[in-house]
Amino acid sequence: MLKVNANFIKLPPSYLFVDIANKVDAFSKQHPEVEIIRMGIGDVTRPLPKAVVAAMQKAAEEMGKAETFRGYGPEAGYEFLRSAIAENDFQKRGVAIDKDEIFVSDGAKSDTGSIGDIFDVDNVVAVCDPVYPVYVDTNVMAGRAGDYHEGTGWSKIVYMPCLEKNGFLPRIPNERVDIIYLCFPNNPSGVGIGHTELKKWVDYALRNQSIILYDAAYEAFITEEDMPHSIFEIEGAKKCAIEFRSFSKTAGFTGTRCAFTVIPKELVFNEVSLNKLWGRRQSTKMNGVSYVIQRGAEAVYSEEGRREVKENIVYYLNNAKIIKEGLAKAGFKAFGGVNSPYVWMKTPNGLTSWEFFDLLLEKTGVVGTPGSGFGISGEGYFRLTAFNTKENTEKAIERITSSFKA
Ligand SMILES: *Cc1c(COP(=O)(O)O)cnc(C)c1O
């Protein structure tokens with residue numbers, strides 16, 4: 001009889017957002033008069049920049065004419081987009097990344113989830129705790145995670161707790177690990193990492209011949225001077241890191257789908273180039289991203305595109321500021337929100353993340369995400385996102401400050 005991949009059976013079902021939806025539904029039925037304000041979702045709400053839409057319309061027209069029609073494109077992306085990325089996101093910042101080191105894809109979720117294909121199953125994986133669940137679950141699927149134990153997690157995964165006393169930054173592991181997932185600015189905690197701290201990770205990886213898988217999906221939200229926008233700003237990183245970027249949070253592409261992964265040619269392990277290996281993997285398993293979408297992504301770098309993107313980021317960052325300051329006024333401890341659309345707050349009076357979820361919903365009609373849903377060390381914390389409208393964000397914060405007086 002056919003056998004299914006047993007690794008997939010090990011995965012516990014993911015209930016987080018289903019549980020949230022069920023609780024909100026039940027509350028709405030009981031209190032139909034309360035207007036719910038959703039600040040739990042990690043999805044953007046502002047429309048695509050006009051420059052992007054215009055570029056996609058033009059590209060769609062091209063596809064409708066015999067003279068300009070295009071079939072399969074290059075698997076790693078069209079040269080026009082790879083060049084625009086290399087120039088604008090890296091070379092202009094003084095980081096020497098070549099267009100051949102850029103792989104365009106449909107998302108950073110797919111890329112962070114698939115990158116493990118090019119690594120042996122016996123590598124030891126380290127993740128931050130709390131964490132974006134994709135890194136862990138895809139390693140479970142690959143058979144790299146061991147067995148799941150309630151309370152301690154996966155037996156073969158090295159968890160790096162990100163605690164308040166360390167500014168929610170992970171500590172360098174005591175043991176040797178091979179694959180290190182880092183995400184900065186971080187989802188869910190909203191904190192960024194400075195040059196000095198990130199350099200410690202690069203040095204560790206170089207010393208141990210490990211690789212850092214650096215998820216910079218929120219790079220566009222960085223406002224502080226000393227925060228690197230790319231791990232390749234750190235000396236030596238091109239020999240030990242892969243970087244993931246996305247147009248999703250930057251330019252509102254969550255539904256449009258376009259991202260890219262940077263694999264420097266200097267990344268060579270056992271005399272094998274990871275750039276070549278990933279190129280082989282991608283050209284075998286995918287046929288690239290739609291021409292229309294890549295033209296839209298290219299327009300993100302146009303003068304008008306850049307201006308519009310900036311406006312949206314400023315809009316979300318202003319919401320984050322409203323949330324953070326409002327929470328502080330209500331007597332809560334809140335973190336993040338300065339280089340990120342996420343605010344990470346400590347639950348009051350030792351409440352669990354879910355107890356606070358219920359209390360907040362009951363008292364204010366505001367929905368957030370329980371920190372425990374992102375890992376054991378997320379317990380006792382709560383994530384609020386800046387992706388709602390300014391009006392709703394203000395309304396939510398007014399309700400919170402009047403319900404929870406300091
Ligand atoms: C939203 C997000 C991404 C982006 O995923 P896409 O597939 O590009 O939409 C990547 N990493 C993290 C941590 C995210 O929160």
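In each ligand, atom 1 is the first atom listed, and ligand 1 is the first ligand listed. One is the number of the first residue; the rest follow in order along the sequence.
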Practice problem: Could you tell me whether some N/O pair between G42 and ligand 1 is separated by less than 3.5 angstrom? | Solution: no
Quiz item: Based purely on interatomic distance, does S248 place a nitrogen or oxygen under 3.5 Å from a nitrogen or oxygen of ligand 1?
Solution: yes
Practice problem: With heavy atoms of S246 as the reference, note each atom of ligand 1 found under 4.0 Å away. | Solution: 4 (C), 6 (P), 8 (O)
Quiz prompt | Pairwise distance CZ(R280) to OG(S273) - rounded to 0.5 angstrom | solution = 13.5 Å
Quiz prompt | Backbone or side-chain N or O of N187 under 3.5 Å from ligand 1 N or O | solution = yes
Quiz item: From E164 CD over to K346 NZ, what is the distance, rounded to the nearest 0.5 angstrom?
Solution: 5.5 Å
Quiz item: How long is the span from the CD atom in E101 to the CD1 atom in I263, to the nearest 0.5 Å?
Solution: 10.0 Å
Quiz item: With atoms numbered from 1 as shown, which atoms in ligand 1 lie under 4.0 angstrom from a non-hydrogen atom of G107?
Solution: 7 (O), 8 (O)
Practice problem: With rounding to the nearest 0.5 Å, note down the distance linking CD1 in I242 to CH2 in W278. | Solution: 8.0 Å
Quiz prompt | Check: F404 ring centre within less than 6.0 Å of F332 ring centre | solution = yes
Quiz item: Are the ring centres of W344 and F335 closer than 6.0 Å?
Solution: no
Exercise. May I ask you to check whether F119 and F269 place their ring centers less than 6.0 Å from one another?
Key: no
Quiz item: When the aromatic ring centroids of F260 and F247 are compared, is their separation below 6.0 Å?
Solution: yes
Quiz item: Nearest protein heavy atom to atom 4 (C) of ligand 1, by residue and atom, and its distance?
Solution: K249 NZ, 3.7 Å
Practice problem: With heavy atoms under 4.0 Å as the rule, classify the contact between C183 and ligand 1 as side chain, backbone, both or neither. | Solution: side chain
Quiz item: Hey, does R257 come in under 3.5 Å of ligand 1, counting only N/O atoms on both sides?
Solution: yes
Quiz item: Any N or O of Y218 that comes nearer than 3.5 Å to an N or O of ligand 1?
Solution: yes
Quiz item: For ligand 1, which atoms have a heavy atom of A217 less than 4.0 angstrom away?
Solution: 3 (C), 10 (C), 11 (N)
Quiz item: For ligand 1, which atoms sit closer than 4.0 Å to a heavy atom of K109?
Solution: 5 (O), 6 (P), 7 (O)
Exercise. For D215, counting its heavy atoms only, list the atoms of ligand 1 lying under 4.0 Å from any of them.
Key: 10 (C), 11 (N), 12 (C), 13 (C)
